[in-house]
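Notes follow once the structure below has been shown.
Indexing begins at 1, ligand by ligand and atom by atom, following the structure's order.
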Amino acid sequence: MSFSSAPSRPEDWWKSAVVYQVYVRSFADDDGDGIGDLAGVRSRLPYLRDLGVDALWLTPFYRSPMVDGGYDVADYRDVDPTFGTLTDFDAMITDAHALGLRIIVDIVPNHTSDAHPWFGAALTSSPGSAERDRYLFRDGRGADGELPPNDWESIFGGPAWTRVPDGQWYLHLFDPAQPDLNWRHPEVRAEFEDVLRFWLDRGVDGFRIDVAHGMIKANGLPDVGDSVPAGQRQVELLGRARLPYFDQDEVHEIYRAWRPILDSYPGGRMAVAEAWAETPQRLARYVGPDELHQAFNFDFLDATWSADSFRKVVDTALAESAIVGAPTTWVLSNHDKQRHVTRYGDGALGLRRARAAALLMLALPGSVYLYQGEELGLPEVLDLPDELRQDPAFRRTGESRDGCRVPLPWSGDVPPYGFGPAGGGPAWLPAPPTWRALSVAAQTGNPDSTLELYRAALRLRREHTAPAGSTEPGQVTWLESEPGVLAFGFGRPAAAGSTELVCVVNLGAEPVAVGNYGTPLLHSQPAGPDTPTTLPTDSAAWFTRPATG
Ligand code: BGC
């Protein structure tokens, strides 16, 4: 097994970090209004420290009308009153740093809210004005300009254009309440550079860049045309074809301007792109010493439950990491996707697979992004009443992301299961009664629980793959295995010549013998009579054995 010998630097912390995504409105409610807030995050920091994560990524908490859960920002330099105040933010980050936790905040540069003062000014200014030029206003097509300027579709369904009373149209790749900015306008660029500095000055350790591939649109705003197969929406081409509104080469100039800003602050301030590109090679272009530090690897999230599918994604990601010289990221769930317990089959089957996937992911070199509640094995809530759903996409497409955003169960026997203070209001989305048994309190101390599995895995990962002071992730060495099984060595010897770790995942239909992989360390399923020599289907185990050098 080979290990990276590069010296590790504290500012490279992100290279092997486990980052926990906090969807702020659903994490913990301190003031009892049924909506999570920054004081709630602050109060639960010890839980996250004990869980064993290195950093938190907070979804947007800025001033917003909340049409898209805060991804519609009206003021990039203030906290929405629903979530607290800047003072609450400062207190939260101070405590986080004192506990050794870093803070990554979400930045939403592709679009503002329609309640942003710039958009208000654009609406009250005339066509062709400087105010309109900060967004993408155009005349329509057709005899009276009654048709949208081109054929672009909103990701949330319907046309990507909305007409204003004077007859012009403006572009919104998402909801009409999220007008797209014109990133060829110098004021837009200057504004966001200043916003980055505002949060860097407040101590943030990094940024998650929303729709990082979207800011530049092809010159002339050309039609997508007939490249979209009949019956499909343009968004279904995401990640498979280049659309004129995504992944344009010029977008990289923006990041080349941002990187020196990040580098001018001490302590390793980083940025991770939420970007979709046609190929892994094009995605890799977002990452590098003069652009962003990382990009989410959504291929891992999209992999189907088979050894071949995961093997291919892992090999591709590792090859790309070698090219860009930065370790990749691993993600199984986030606030936009159905929770992986449910994607993998729901119920007991989905949970078994989710637990196995967690051990696979946590054994891979690079950084890991956990989505709040995955450590509890939460499934998607599929039966939310329609009238409670808040995702703006729901009314336009019938699809909704609310089921992965249900507030976390912390404790107790009655909803909202400790999400808010005693006597507080109901949570903004109701948790199902089955979540009583999935709360943090219910799982704590039960060695068979998913929470304790994550705690143990995070501790072992830290001990074995990142010895004290080291941030360089180890490497993967594939080992011989039965069909349907993935087996690899990972991490680095804790001390030269001592032990190495092995991860084995059985994605096949039959139990497999694993007696020769080493001494069992951790198992995704509660120990059975055949443990440790047999690995049941849909499970994973970690072993330790003398290093082979
Ligand atoms: C975010 C979504 C959001 C969209 C528009 C996405 O990439 O993750 O939650 O709706 O950007 O800002």
Side-chain angles (χ1 to χ4, degrees), residues 19 21-27 36 57-74 76 80 104-116 119 135-136 152-158 160 162 171-181 183 192 195 207-215 217 233-236 238-239 243 245-247 251 271-277 283 286 292 294-298 301-302 329 331-339 369-372 380 389-397 399-406 428-429:
V19 183
Q21 179 188 353
V22 173
Y23 192 72
V24 178
R25 53 192 299 119
S26 302
F27 184 68
W57 148 31
L58 304 184
T59 53
F61 47 78
Y62 314 111
R63 267 190 194 268
S64 163
M66 305 290 166
V67 171
D68 185 18
Y71 282 94
D72 47 319
V73 182
Y76 290 86
D80 193 90
I104 295 172
V105 298
D106 218 311
I107 180 127
V108 189
N110 180 67
H111 44 263
T112 67
S113 158
D114 61 356
H116 191 284
F119 195 69
Y135 293 89
L136 291 158
W152 296 1
E153 293 170 1
S154 156
I155 313 298
F156 290 165
T162 289
L171 179 72
H172 52 85
L173 292 181
F174 294 89
D175 192 81
Q178 294 166 296
D180 278 52
L181 285 163
W183 271 85
F192 276 88
V195 168
F207 298 96
R208 177 262 188 190
I209 301 164
D210 189 59
V211 198
H213 54 307
M215 281 111 94
K217 279 75 182 177
R233 293 173 48 218
Q234 289 172 7
V235 66
E236 294 173 54
L238 247 190
L243 292 161
Y245 43 84
F246 282 150
D247 194 30
V251 80
V272 55
E274 185 228 11
W276 295 86
L283 185 63
Y286 289 80
L292 305 174
Q294 299 187 304
F296 288 130
N297 169 12
F298 292 121
L301 183 153
D302 286 335
T329 59
V331 189
L332 286 171
S333 275
N334 63 33
H335 65 295
D336 291 330
K337 296 285 180 183
Q338 190 175 72
R339 283 189 178 273
Y369 283 77
L370 305 179
Y371 178 47
Q372 66 177 36
E380 185 84 359
R389 292 184 186 268
Q390 295 197 11
D391 183 352
F394 182 59
R395 266 157 276 284
R396 294 166 74 100
T397 62
E399 285 167 24
S400 131
R401 298 165 293 176
D402 295 295
C404 64
R405 300 175 177 178
V406 173
W428 69 280
L429 286 174

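Closest to atom 7 (O) of ligand 1 among all protein heavy atoms lies Glu274 OE2, 2.4 Å. Among protein heavy atoms, atom 8 (O) of ligand 1 sits closest to Asp336 OD2, 2.5 Å. Atom 4 (C) of ligand 1 has its closest protein heavy atom at Phe174 CE2, 3.7 Å.
Residue-level proximity to ligand 1 for Arg208 is carried by the side chain, the only part with a heavy atom below 4.0 angstrom. Only the side chain of Arg405 comes within 4.0 Å of ligand 1, judged by heavy-atom distances.
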TODO: Output, in order, the C-alpha distance, side-chain angles, deciding distance and verdict of side chain to side chain donor-acceptor pair (under 3.5 Å) for Trp276 and Asp247.
DONE: CA-CA 7 Å; Trp276 295 86; Asp247 194 30; over 6 Å; no

TODO: With side chain to side chain donor-acceptor pair (under 3.5 Å) as the test, would you mind laying out the steps for Thr59 and Asp106 before giving the verdict?
DONE: CA-CA 5 Å; Thr59 53; Asp106 218 311; 5.6 Å; no

Open item on the list: Test side chain to side chain donor-acceptor pair (under 3.5 Å) on Asp175 and Tyr71; report intermediate values, then the result.
Closed with: CA-CA 10 Å; Asp175 192 81; Tyr71 282 94; over 6 Å; no

Open item on the list: Applying salt bridge (Lys or Arg N to Asp or Glu O under 4.0 Å) to Asp391 and Arg396, what does each step give before you reach the verdict?
Closed with: CA-CA 10 Å; Asp391 183 352; Arg396 294 166 74 100; over 6 Å; no

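Under the rule for a side-chain contact (heavy atoms from CB on, under 4.5 Å), the partners of Ala212 that lie at least two apart in sequence or sit in another chain are Ile209, Tyr255, Ala273, Ala275.
Close contacts of ligand 1 with Arg401, meaning ligand atoms under 4.0 Å from a residue heavy atom, involve 2 (C), 3 (C), 9 (O), 10 (O). Less than 4.0 angstrom separates some heavy atom of Phe156 from each of these atoms of ligand 1: 10 (O). Taking a cut-off of under 4.0 Å to the non-hydrogen atoms of His111, the atoms of ligand 1 that pass are 5 (C), 12 (O).
The backbone N or O of Gln178 sits nowhere less than 3.5 Å from a side-chain atom of Thr112 that would complete a donor-acceptor pair.
Closest heavy-atom approach to atom 1 (C) of ligand 1 among the candidates Asp210, Asp68, Asp175, Asn334: Asp210.
Between Phe156 and Asp68, the closest side-chain pair of non-hydrogen atoms falls below 4.5 Å.
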